[in-house]
Every structure is written in structure tokens, then in C-alpha cells.
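A short write-up of the structure that comes next.
Every chain is numbered from 1, with letters handed out A, B, ... down the list of sequences. Below, each value reflects all heavy atoms present in this structure, side chains not excepted, and no hydrogens, waters or symmetry copies.
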2 protein chains.
Amino acid sequence: MERNTRQRDAILDVISAAGRPLSTQEILTAGKVAVPSLSIATVYRTLKDLVAEGCVLPVKLPGEPDRYEMAKLDDHYHFKCSTCSKVFDIHDRIKKKNLHVPRNFIIEKYDLILYGQCSDCVPKH
Amino acid sequence: MERNTRQRDAILDVISAAGRPLSTQEILTAGKVAVPSLSIATVYRTLKDLVAEGCVLPVKLPGEPDRYEMAKLDDHYHFKCSTCSKVFDIHDRIKKKNLHVPRNFIIEKYDLILYGQCSDCVPKH
DNA sequence: CTGCTATTGATATATTGTTATCATTAATAA
DNA sequence: TTATTAATGATAACAATATATCAATAGCAG
């Protein structure tokens with residue numbers, strides 16, 4: 001049967017508390033605070049389980065390894081800071097009527113990724 | 001000095017004629033029509049040069065190797081067919097005023113990727 | 001043409017992110 | 001508390017691109 005481990009709890013806590021998608025390394029680093037022995041193998045294994053269970057979702061950005069965030073968040077897209085590389089959730093939607101595709105094309109879903117400076121990294125005047 | 005080779009011409013011709021971003025394998029296959037001996041190494045090398053020169057741009061999709069298309073096309077985003085995996089250019093823009101980010105965040109650019117069925121793959125009724 | 005050498009083709013190697021292996025540890029039932 | 005065995009930690013192996021190597025080929029100047 002499945003067991004409740006400190007590692008699994010720590011990983012879920014970290015993702016849940018983050019409020020933004022985290023990389024596996026960020027999860028490892030933050031998880032080590034609660035469980036110093038935490039291994040990257042356990043991070044990957046647990047993420048795989050959590051994604052299979054549907055309570056965590058992978059966030060995919062071009063040319064980058066997946067990040068992870070809690071599922072059942074509202075519809076949203078993502079903003080990546082070009083300076084600190086953190087990814088933030090933007091809780092907003094594009095209206096389908098603003099998307100124009102050729103005749104006979106059917107849109108099933110979309111991914112919108114914004115790039116720029118987050119409030120911590122924007123140059124102060 | 002730089003030399004003009006049949007391989008380089010073939011690769012540029014293929015990208016230029018495609019009208020959509022091509023994968024390295026697509027470029028290799030199409031390039032072999034003009035130069036049967038064409039090697040994948042030459043495709044990668046030439047693409048690197050063409051991108052450095054600025055006449056070709058890499059098109060990045062999450063979880064996939066780069067595709068390539070001619071630079072100096074109008075502003076556009078991309079549509080990937082979930083069935084045939086081809087990527088198409090959509091010559092359109094999202095208006096900045098339709099994008100909402102937190103206070104003090106600055107948008108430098110965005111990537112919009114649509115997923116769905118292209119006209120060749122949409123189920124005929 | 002001829003010679004020089006940039007470019008090519010074939011393939012080995014590097015890179016990066018993820019998964020598999022396996023001895024050890026620790027969660028749960030009894 | 002003890003036995004059972006799922007889960008862990010450390011690291012090797014893997015997968016998928018992309019780059020480096022190097023002998024052979026082929027542009028181009030003369």
C-alpha cells in the first residue's frame with residue numbers, strides 16, 4: 001500500500017506554498033529545509049505520482065525543463081522574468097474571439113507565455 | 001572566406017519555400033531532394049550560421065526541438081496541429097492592452113501557441 | 001587546371017533532464 | 001516492539017538533441 005512519507009509531504013507543501021510554478025531544483029532546495037536528506041530522485045518520483053494523481057500539473061516552457069504547480073487553479077497563463085528566471089501565474093484569459101486562424105482550422109487550446117521583468121527585477125528609476 | 005555550397009543553398013531554399021517552420025528532420029528530408037548526400041550535421045551547422053546571420057529564426061515550442069523559418073516575416077504566432085504535428089504561422093497579433101500583468105511587471109515580448117486541428121486534419125462531417 | 005582550405009559526411013562525443021537500479025531506511029500492521 | 005516491504009538516497013544508465021572530430025570532398029582564387 002502507499003505510505004505517507006515526510007518527503008512526500010514536504011514536496012507537496014513546497015509546491016502548495018509557492019504560488020508559482022517551481023522547477024525540480026527549486027522543489028529540491030526548498031524541500032531540504034524540512035527534510036535535509038531529500039534526494040532529486042525522490043523529487044522526480046513524487047512529482048510523477050502527484051501528476052498522475054492529478055493534483056499537480058507540469059508547466060511547459062519552450063526550451064526549458066518542466067516546472068510544477070498545484071492543479072485546480074483558475075485558468076491562467078504564465079509570465080517568465082528574463083532576469084531572475086522565475087515564472088509567475090497570470091490569472092487572466094484571452095478571449096477566443098481575439099484569436100484568428102485560417103478557415104477550417106479548429107483551436108483546441110492555447111498557451112500564452114509572457115516574457116519581461118517582474119516587479120523585483122524591473123530597473124528602479 | 002565563406003563559400004557558397006549546394007548544401008547551403010538547398011537548405012535555404014527548403015526553409016524559404018516551406019511557408020511554415022520546419023524541424024531539422026524535415027529540412028534534412030526535403031534538402032536531400034536537391035543534395036542526396038546531405039547530412040544532418042550539415043543541417044545543424046548551416047542552421048546555426050543562418051540564425052547567427054539573422055536570416056533564419058528558431059521557433060521554440062514547449063517540449064519539442066526547435067523548428068526554423070525565415071526571419072523578417074510579419075509579427076505572428078504559431079499553430080500546431082495535434083494530429084499531423086505540423087506548425088503553421090498565424091499572421092496576427094494580440095493587442096498589448098488585452099494582456100494584464102501585475103503592477104510593476106513589464107512585458108517585453110510574448111509567445112502564443114495555439115493547438116488544434118489544421119484544415120487537412122479536421123474531421124470531415 | 002592546380003592548390004589551398006573551407007565545408008562536408010559519418011560518427012563519436014557532449015549535454016541535459018529524467019528514469020532505473022539496488023542496498024538501506026523507515027512507515028505501517030500486527 | 002517487531003516484521004514486512006514501500007519508499008528513499010546515491011548514482012548509474014538512459015534518451016534526445018546538438019556539437020565536435022577528422023578524413024575526404026569540392027569551392028574558388030590564381
> About how many Å separate OH of A:Y77 and CD1 of A:I113, when rounded to the nearest 0.5 Å?
Replying inline: 12.0 Å
> Any salt bridge between A:R8 and A:E53, counting N to O under 4.0 Å?
Replying inline: yes
>> With a 4.0 Å limit, can you tell me whether A:S39 has a side-chain N or O closer than that to the phosphate oxygens OP1/OP2 of D:dA10?
In response: no
>> Expressed as a whole number of angstroms, how long is the span from A:R3:CZ to C:dT25:P?
In response: 15 Å
> In Å, rounded to the nearest 0.5 Å, how long is the span from CD1 of B:I15 to CZ of B:R67?
Replying inline: 13.5 Å
>> Rounded to whole Å, please give me the gap between CG in B:L28 and C1' in D:dT17.
In response: 14 Å
> Is any side-chain N or O of B:R8 under 3.5 Å from a base N or O of C:dT7, one able to act as donor and the other as acceptor?
Replying inline: no
>> Does a side-chain N or O of A:S37 approach OP1 or OP2 of D:dG9 to a distance below 4.0 Å, or not?
In response: yes
>> How many whole angstroms separate atom CZ of B:R67 from atom P of D:dA16?
In response: 16 Å
> Taking atom P of D:dT8 as reference, at what distance in whole Å does atom NZ of A:K48 sit?
Replying inline: 14 Å
> Would you say C:dT19 has OP1 or OP2 under 4.0 Å from some side-chain N or O of A:Y44?
Replying inline: no
> What is the distance, rounded to the nearest whole Å, between atom NZ of A:K32 and atom P of D:dA10?
Replying inline: 7 Å
>> With a 4.0 Å cut-off on N to O distance, would you call B:E26 and B:K86 a salt bridge?
In response: no
> For DNA chain D, whose closest nucleotide is more 5', that of B:E64 or that of B:R6?
Replying inline: B:E64
> Once you round it to whole Å, what is the distance between P of D:dT17 and CG of B:D66?
Replying inline: 11 Å
>> Between the base of D:dT19 and the side chain of B:R45, is one N or O donor paired with an acceptor at under 3.5 angstrom?
In response: no
> What is the distance from CD1 of B:I40 to C1' of C:dT11, rounded to the nearest Å?
Replying inline: 13 Å
> Is the phosphate of D:dA7, meaning OP1 or OP2, less than 4.0 Å from a side-chain N or O of A:T5?
Replying inline: no
>> If you compare every side-chain N and O of B:Q7 against the phosphate oxygens of D:dT25 (OP1, OP2), does one of them come in below 4.0 Å?
In response: no
